[in-house]
Trainee: 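Handing you a structure now.
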Amino acid sequence: MLHFVTMKKKWIGWSVLIALVLGFVLLYVLGPVAGPMPLWMSILPPLVAIVMALLIKEVISSLFVGILTGTFLMALYGGASPAAALGGGLLRVVDTYVVGSLFDADHVTIIVFTLIIGGMVRVITANGGMQGVVNWLSRKAKGPRSGQLMTFLMDLCIFFDDYSNTLVVGNTMRPIADKLRVSREKLAYIVDSTSAPVVAVAFVTTWIGAELSYIQDGINVIGLDMSAYSVFFHSLAYSFYPFLTLAFVLMLIFSGRDFGPMLKAERKARAMRVAEVEMQAEAKPAHIIDAMAPLAVLIFGTIIGLVVTGYDAAVWQDAGHGFFSKLSATIGAANSYKALLWASVLSLLTAIAMTLLRGTLAFGKVMEEMVEGLKTMFNAVLILTMAWSIALVTKDMHTAEFVSQLLLKWSLSPALVPVLTFVLAALIGFSTGTSWGAMAILYPLILPSSWLLCQEQGLSVDSTMPLFYNVVASVLAGAVMGDHCSPISDTTIMSSLASSCNHLQHVSTQMPYALTVGATALLVGVLPTALGLPSWAAFLLGFAVLGLVVRLVGKKV
């Protein structure tokens, strides 16, 4: 405990020192200013937050300083003196951006959802339900490899929403991973790198509505006589990063190899004394139904909620579309946040009811455990709030527009547009911490631009369509990759909290893997297919390259 307090003081000291140095440097260099703020400065808030987090290994204070950098610059270029800009910027961090992020109904829903899940997990842990799951899965998962494979398969089963995926799988598999001596970093990596790629390319997900609406906006400008769903379907042939990521996770699992910081984390986990883990596991009662029933309510309740909130009688009465097309349209139009909230409340009530009916715990004890579960999520909620706040700062400072303009101002060959799109989406996803934001910005911008560029170069429609599909896929794939690498990404944060893994440890161990797959997807998939290589050949080549990387670079744990 003393060591923890000492480390916290060290982090705070570093944070304050860096913030003061940064403030004085800006005051000295900038001084009184006049005129609009240069657009290049919009990259400073996320850059400061990311660099500082990587240096001092602490997220909350890093995000705070990043937000303060943005509010200071906006106040300074708004006409305030340097001292007033610093003081006013400090106040705006809280009264404008933190409060503003909490005024978003979707953000509040995610906070409530996260808290309720924390309460539910604590209840089913206290009543022995989670131990029952551990005991059952332990009979199926005999070692680290089968435990990791079980995590991967559970991720595939919860394909419809990334938030549900990370929280359910991470919390469920964490005790299994501990018992099998799989590191928390590896668990967080599998959870994070399976959830978003699956949700991004599946036909029936909470992402599909946003994806289709963005694509539709782009093709409306072009005047293309195709449905957004058809364009999305054809683009899957070029979605290299999501599919290669899933393959890479499996390669690591079956080979038993890792590299970089993950190798160190895995070897450290394998060195744990098994007796301690097993002794802790045996100390609890075990009733698997007490956990499986609330989890089933959460999963199926979310699906039912998606159908209920997205139901449109006209869609289901249309005889021209098949069942899965109608289901996809329904879930695409659903209010996913409301569905998650409904399901989480019902799941918590189910856990409480089963605990009381079985007589495992008294009512007062159940309430006490639930509150303790809510408390365990406070740190995660704080990080999420700060991440949303810095996203608001980047929006007000037009960070994404700066990155887009920077990379789109050169005249390019049409074959390079998918490559540029992938890089651009990754940078925006990384700097803003949201793949949805990257998609919202780039789809309306890049789809008409890429189509127009191809037409100006004299390409026929038949020659343009493969490039167009490649661009559509590259926006989504690059956004997911940038999100995977970003310390300020909400899904990355949630993967860390669900797996009880130090957030920056998760980022530092996952980033080399994400960059490896991203580089392979770009150089072996996106670019060659833009130059004419069939996508199936690019996929085979990508799988082979990743297999060689695992074999030659990876080492046995």
Side-chain angles (χ1 to χ4, degrees), residues 108-138 150-151 153-155 157-176 191 195 206 284-311 331 334-378 380-381 494 497-500:
V108 175
T109 302
I110 291 301
I111 289 175
V112 175
F113 171 71
T114 302
L115 292 173
I116 292 174
I117 291 296
M120 184 270 289
V121 169
R122 182 67 180 233
V123 171
I124 64 176
T125 300
N127 69 14
M130 190 62 76
Q131 187 58 47
V133 173
V134 170
N135 293 345
W136 184 82
L137 290 177
S138 295
M150 188 80 70
T151 305
L153 294 176
M154 286 184 66
D155 271 309
C157 291
I158 309 177
F159 62 87
F160 51 86
D161 182 74
D162 52 336
Y163 289 148
S164 295
N165 190 308
T166 54
L167 289 177
V168 172
V169 178
N171 280 297
T172 303
M173 293 305 298
R174 185 176 63 238
I176 302 295
V191 168
S195 59
T206 53
K284 294 182 180 296
H287 306 293
I288 188 172
I289 189 64
D290 289 340
M292 294 307 295
L295 291 174
V297 169
L298 178 63
I299 295 170
F300 291 106
T302 302
I303 296 174
I304 294 171
L306 292 172
V307 173
V308 169
T309 58
Y311 180 79
I331 292 185
N335 186 330
S336 59
Y337 296 103
K338 186 177 291 187
L340 289 171
L341 196 57
W342 290 350
S344 62
V345 170
L346 292 175
S347 176
L348 175 60
L349 292 176
T350 302
I352 293 173
M354 294 198 67
T355 304
L356 296 177
L357 289 173
R358 191 180 287 278
T360 310
L361 299 172
F363 180 75
K365 181 64 174 176
V366 172
M367 293 296 102
E368 181 182 325
E369 293 291 345
M370 183 192 73
V371 171
E372 287 300 315
L374 301 182
K375 291 179 182 178
T376 62
M377 293 297 179
F378 176 75
V381 168
M494 293 180 78
L497 78 92
S499 305
S500 290

Trainee: Measure the CG-CG distance between Leu346 and Leu341 for me, rounded to the nearest 0.5 Å.
Mentor: 9.5 Å

Trainee: Could you measure the distance from the CG atom of Asn171 to the CD1 atom of Ile124? Nearest 0.5 Å is fine.
Mentor: 8.0 Å

Trainee: Using the test side chain to side chain donor-acceptor pair (under 3.5 Å), find all partners of Lys375 that sit at least two apart in sequence or belong to another chain.
Mentor: Glu372

Trainee: Looking only at non-hydrogen atoms, find the nearest pair between Ser347 and Pro294 and report the distance.
Mentor: OG-O, 2.9 Å

Trainee: Heavy atoms only: give me the nearest Ser499-Gly170 pair and the separation to one decimal.
Mentor: OG-CA, 4.2 Å

Trainee: Output all residues satisfying side chain to side chain donor-acceptor pair (under 3.5 Å) with Arg122, sequence neighbours left out; order by chain, then residue number.
Mentor: Glu369

Trainee: Is the shortest side-chain heavy-atom distance between Ile176 and Met150 below 4.5 Å?
Mentor: no

Trainee: What heavy-atom pair brings Arg174 and Leu497 nearest, and what distance separates the two atoms?
Mentor: NH1-O, 4.4 Å

Trainee: Under the side chain to side chain donor-acceptor pair (under 3.5 Å) test, which residues partner Thr355, sequence neighbours left out?
Mentor: Asn127

Trainee: Rounded at 0.5 Å granularity, tell me how far NZ in Lys338 sits from OG1 in Thr309.
Mentor: 7.5 Å

Trainee: Can you tell me how far the CG atom of Leu115 sits from the CE atom of Met370, to the nearest 0.5 Å?
Mentor: 10.5 Å

Trainee: Please find the pair of heavy atoms, one from Leu306 and one from Ala339, that lie closest to each other, and give the distance.
Mentor: N-CB, 3.6 Å

